[in-house]
Enquirer: 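Have a look at this one before I ask anything.
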Amino acid sequence: MRDFYLMSKTETLEVLKVTNQGHSTEQAKKLLEEYGPNQLQEGKRKSTLEVFLSQFADLLVVILIAAAIISMLSGNVESTIVIFVVIIMNAILGTVQHKKAEKSLDSLKSLSSPNAKVLRDGIKIEVSSKEIVPGDIVLLEAGDMVVADGRIIENFSLQVNESALTGESTNVDKQEIDIEKEVPLGDRANMVYSSSLVTYGRATVVVTGTGMNTEIGKIATLMNETKEKKTPLQISLDQFSSRLAMVIMIICVIVFAMSLYRDMPVLDSLMFAVALAVAAIPEALSSIVTIVQAMGTQKMAKENAIIKELKAVESLGSVSVICSDKTGTLTQNKMTVQQVYIDGKVLAPEELSMDVSLHRNLLFNAILTNDSSIVDGKGIGDPTEYCLIEMTRKLGLNEEYIRGNMLRLAEVAFDSDRKLMTTVVEMNGKYLAITKGAPDIVISRSINNQELLDKALDANNTMATNAIRVLALGIKWFDSLPDADVLEQNMEFIGLIGMIDPARDEVKDAIAVASKAGISTVMINGDHVTTAKAIALQLGILHEGELAITSSELAKISDEELYEDIEKYRVYARVSPNDKVRIVSTWKKKGYIAAMTGDGVNDAPALKKADIGCAMGITGTD
């Protein structure tokens, strides 16, 4: 069957056997029994005993245990005790470290299950998210958590934050359009996905997938299917242990045979060979390795890094390629005003002055056509809007004071068709309409002279080429409170505000240091390729002769072709969790020790697949 995003609304409802009025209560109960509760299945966690016993699943440890048993049978009690004490101390140390990390991770699981508003028997009711079934008609509005995957059947300017799935912090405009060709998840405008957050508008959706059949469920399945591989150190120690065991066995057989040849009694010859074997085995090797790793773990803990597995410390030192997510890892995951185009000039935001009339107008307008706020240093509302508030605050303006003295009398809310938002305030006995929106639309509806508007379009194109997101501001004066249909026509263009999620200050230096150490850095992200390339060039990830590739282009390349050209690709854009696993796997096949860093749920399978996975902390998704 085709994906639901490729179906029309009517076709979707028919396939799910439901109407706009939703399921009946009885039908919902039957479907709940058939599909099970709408929740992810959690894998069984190892008990403390299982973790403890797993510490003995190592070839070197098995050889040591064999040596201890032989020592015991030969009457060498002291040697037996020493070997077993060393082995048990190693196992205890490894178990304690594992459980410490588990406790740190448990703090992330204290999330309550949200409720959802659904239509049952044509009546709006609220039910637990666990009771949602395919075909349920769910009503979404700003502030709601999306509890299941769904196809939009009615849309009213819905905007959704899908960062948990795509890794991108920018809100996504949703539409009830028909999509006719396959597109990546981030471009499926007619769908909403479980675990995303509604930030603006409202919509009615029909549920197409619940539990493990959602996109986030697919990620969970991918994680379960992704098997953890041995670390480079484990492989080296296993190789060393097997070779050592083989050499010891050969030498012992030769010594045993020579002893018999020299007419020593059989038992004495055997004891001599066994004693030689015990002496040859480096009992202290595993404990030395464990102690050194434990010291490394403590050192990392002081740098605020939780090491889940002791063996990961050595892997981190062996890394030869870092596959990094972009948003929140290389960038700050926070929209920031970078440039302002006003009066024919491009200025940094700090260059704006309250003493210049046009600058003052732009700053006031940025506040008055804005619904966001900042409380205790935390932005509330659309990231694009509260970054404007941060800009005005840095210039000494208080948004609450300005809004309190210039009350909003009317507004026309943003929608994805018009791509504009307009508010009306009273000022000096007149009425001022302030419009904020897409630059090409604001400029096309402005009455300034054509030369000025052409320059503004050029400035907009330059910013867009550099992956800067641009908003335009326009105003219009009225003598009386105007009708909505005339607010957004024949405006006076004021200026452009360019925003970007900037790179972290420390990242460029870190990439340069890694490069000097012979470590390659690759960017894997869910953003558009233009934005990804601009950030990669800025950070020194993308160089001349190296390439950027999108998910759809990657899908057309065979595994063999990707293997041949993997070192050319430095930027992967609009990728899915499956793509990330494929990229990491190919680097590993090429002989690299691969690290994956990420801060979103969508990065989790690749974090597990990599030789070492580094999950971001404070700014990461749960």
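Residues: numbered from 1 along the sequence shown.
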Enquirer: How far does CD of Glu544 sit from CD of Glu546, to the nearest 0.5 angstrom?
Expert: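 So the CD of Glu544 and the CD of Glu546 are separated by 10.0 Å.
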
Enquirer: More than 12 foreign heavy atoms under 6.0 Å from CD of Glu506: is that the case here?
Expert: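 Yes, CD of Glu506 has more than 12 neighbouring heavy atoms, counting only those of other groups under 6.0 Å.
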
Enquirer: Spell out, as yes or no, whether a donor-acceptor pair under 3.5 Å connects the side chain of Ser320 to the backbone of Ile593.
Expert: yes

Enquirer: What distance do Ile468 atom CD1 and Ile497 atom CD1 have between them, rounded to the nearest 0.5 Å?
Expert: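 The CD1 atom of Ile468 sits 13.0 Å away from the CD1 atom of Ile497.
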
Enquirer: Counting N and O atoms only, with roles assigned by atom type, does the side chain of Arg469 sit under 3.5 Å from a partner on the main chain of Thr384, one being a donor and the other an acceptor?
Expert: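 Side chain of Arg469 to backbone of Thr384, a donor-acceptor pair under 3.5 Å: no, none is there.
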
Enquirer: Test Ile322 against every option in Thr597, Ile541, Val522, Ile511 by the side chain to side chain contact (heavy atoms under 4.5 Å, CB included) rule and name the one that passes.
Expert: Thr597

Enquirer: With a 4.5 Å heavy-atom cut-off, do Lys218 and Glu215 have their side chains touching?
Expert: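 In contact.
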
Enquirer: Counting N and O atoms only, with roles assigned by atom type, does the side chain of Ser54 sit under 3.5 Å from a partner on the main chain of Val51, one being a donor and the other an acceptor?
Expert: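 Such a contact is found between Ser54 side chain and Val51 backbone.
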
Enquirer: Looking at Arg570 and His543, would you say the former's side chain and the latter's main chain have a donor-acceptor pair under 3.5 Å?
Expert: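 Side chain of Arg570 to backbone of His543: no pair is present.
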
Enquirer: Does Lys455 offer a backbone N or O that forms a donor-acceptor pair with the side chain of Asp458 under 3.5 Å?
Expert: no

Enquirer: Measuring from atom CD1 of Ile219 to atom OG of Ser195, what distance do you get when rounded to the nearest 0.5 angstrom?
Expert: 7.5 Å

Enquirer: Would you confirm whether Thr214, through its side chain, and Thr210, through its main-chain N or O, come within 3.5 Å as a donor-acceptor pair?
Expert: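 Not at all, since once roles are kept as given, no pair shorter than 3.5 Å links the two residues.
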
Enquirer: Side-chain contact, heavy-atom cut-off 4.5 Å: Thr208 with Tyr5?
Expert: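 They are not in contact (no side-chain heavy atoms under 4.5 Å apart), so the answer is no.
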
Enquirer: How about CD on Glu182, more than 12 heavy atoms from neighbouring residues, nucleotides or ligands closer than 6.0 Å, or not?
Expert: no

Enquirer: Please say which of Asn460, Asn466, Thr465 ends up in a side chain to side chain contact (heavy atoms under 4.5 Å, CB included) with Thr462.
Expert: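 Filter result, single survivor: Asn466.
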
Enquirer: My understanding is that only residues two or more places apart in sequence, or in another chain, count here; which of them pass salt bridge (charged side-chain N to carboxylate O under 4.0 Å, His left out) with Glu350?
Expert: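 Expected list: none.
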
Enquirer: State, with a plain yes or no, whether a side-chain heavy atom of Val529 is found less than 4.5 Å away from one of Arg574.
Expert: no

Enquirer: Is there a side-chain contact between Leu554 and Arg582 in this structure, where contact means two heavy atoms from C-beta onward sitting under 4.5 Å apart?
Expert: yes

Enquirer: Is any side-chain heavy atom of His528 closer than 4.5 Å to one of Asp187?
Expert: yes

Enquirer: The criterion is ring pair (Phe, Tyr, Trp, His ring centres under 6.0 Å); which residues satisfy it with Tyr592, sequence neighbours excluded?
Expert: Trp587

Enquirer: Can you give me the closest heavy-atom contact between Gln332 and Ala503, atom names plus distance?
Expert: NE2-O, 3.4 Å

Enquirer: Identify the heavy atoms of Pro577 and Pro605 that sit nearest to each other, and give their distance.
Expert: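 Residues Pro577 and Pro605, closest heavy atoms: CB-CG, 4.4 Å.
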
Enquirer: Would you call Thr521 and Leu539 a side-chain contact if the rule is heavy atoms closer than 4.5 Å?
Expert: no

